[in-house]
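By convention in this document, chain letters (A, B, ...) are assigned in the order of the sequence lines, proteins followed by strands, and residues within each chain are numbered from 1. What you see is a predicted model; the values in this text were computed from it and never measured.
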Protein chains: 2
Amino acid sequence: MNTVFKALADPTRRKVLQLLRQGPRSAGALAEHFAVSKPTMSAHFSVLREADLVDSVKQGTTVIYSLKLSVLEESLLGFAQLFGLQGGDTPARAADPTPDEEQIR
Amino acid sequence: MNTVFKALADPTRRKVLQLLRQGPRSAGALAEHFAVSKPTMSAHFSVLREADLVDSVKQGTTVIYSLKLSVLEESLLGFAQLFGLQGGDTPARAADPTPDEEQIR
DNA sequence: ACCATATTTCGATGATTAGCTAAATTTCAA
DNA sequence: TTGAAATTTAGCTAATCATCGAAATATGGT
């Protein structure tokens, strides 16, 4: 749980997770999206693996990373629920105790 | 957003937020729960303030901190929704591989 | 004015972190 | 078996971070 939040503390790693949302990607394919060196990306992957937020399988010379959504969900929502927070269904929603919506994006 | 996740990366700060869930508390009262010095706690409060996760008002010689739940909610659930995650009613929830038209209750 | 209390600022220190280049490793193909 | 490609490991540096004790800054009471 602590490792998850530590992993999420870095914007590069958060963006990697978001890229992975669309499906498994190789280390190299992921690295293309960032302006840092491969070794640096490799270290980021390692942190994500350590936090159990991604799976990695080797296919030939490449390594395919995939998002472990359930782990992200349990950590993120688990923590949110400690505060009584409930996620809403994605785009629109109505009738709430707190009428202060600001849904963007 | 980045400052929020950075703030959440530390267990002490996460626990401070949880203590604050039960209501506003003074810096000293919060500090009592931890085995670190006052200056260290003060630095943690500063990070939480920086992330806009808490409010602080001075009352006499003491400073009262209170949780800004809406900020925590927007960050945490906002990020969760980037992944199609929905906050569920606490423990059990079933059969939902793809989050489509889910009902609100 | 003086003192006690609560909190923060200052200055320092050790640990962790993100970044790099260069080198090692692994795998596959020619 | 030699070589190219993908990724990781090693070794380093600079920056950030959590922590401390001591000092500074309110504030309120006596």
I want to check one thing: is the phosphate of C/dT17, taken as OP1 and OP2, less than 4.0 Å away from some side-chain N or O of A/His44? no
Separation of A/Met41 atom CE from C/dT21 atom P, in whole Å? 15 Å
Under a 4.0 Å heavy-atom cutoff, the residues of residues 8-29 of chain A touching DNA chain C are A/Asp10, A/Arg13
OH/A/Tyr65 to CG/A/Leu30 distance, rounded to the nearest 0.5 angstrom? 8.5 Å
What is the minimum heavy-atom distance between B/Ala9 and A/Asn2, and which atoms define it? O-OD1, 3.6 Å
Mind checking the OG-CG spacing from A/Ser66 to A/Leu53? Nearest 0.5 Å is all I need. 11.5 Å
Whole angstrom is fine here: how far is it from CG in B/Leu48 over to C1' in D/dA18? 14 Å
Reading DNA chain C from 5' onward, which residue's closest nucleotide shows up sooner: A/Lys6 or A/Val36? A/Lys6
Rounded to the nearest 0.5 Å, how far apart are OG of A/Ser75 and CG of A/Asp52? 9.0 Å
Measure the distance from CZ on A/Phe34 to C1' on C/dC20 and round it to the nearest whole Å. 18 Å
N/O (side chain, B/Ser37) to phosphate O (OP1/OP2, D/dC20) under 4.0 Å: yes
Check: B/Phe5 ring centroid to A/Phe5 ring centroid under 6.0 Å: no
Using heavy-atom distances to pick each residue's nearest nucleotide on DNA chain D, tell me which of B/Ala43 and B/Pro39 is more 5'. B/Ala43
Check whether any side-chain heavy atom of A/Leu19 lies under 4.5 Å from a side-chain heavy atom of A/Arg25, and answer yes or no. no
Using a cut-off of strictly less than 4.0 Å, decide whether A/Ser42 has a side-chain nitrogen or oxygen near OP1 or OP2 of D/dT8. yes
B/Thr62 vs B/Ile64 side-chain heavy atoms within contact, under 4.5 Å: yes
Sidechain-backbone polar pair: A/Arg49 side chain, A/Asp55 backbone, donor-acceptor under 3.5 Å: no
Which nucleotide wins on minimum distance to the side chain of A/Phe45, given the candidates D/dG21, D/dT8, C/dC20? D/dT8
Using a cut-off of strictly less than 4.0 Å between a heavy atom of the residue and any atom of DNA chain C, enumerate the qualifying residues of residues 49-66 of chain A by number. A/Lys58, A/Gly60, A/Thr61
Scan for side-chain hydrogen bond (donor to acceptor under 3.5 Å, both in side chains) pairs involving residues 33-45 of chain B, sequence neighbours excluded, and state none if there are none. B/Arg13-B/His44, B/Ser37-B/Thr40
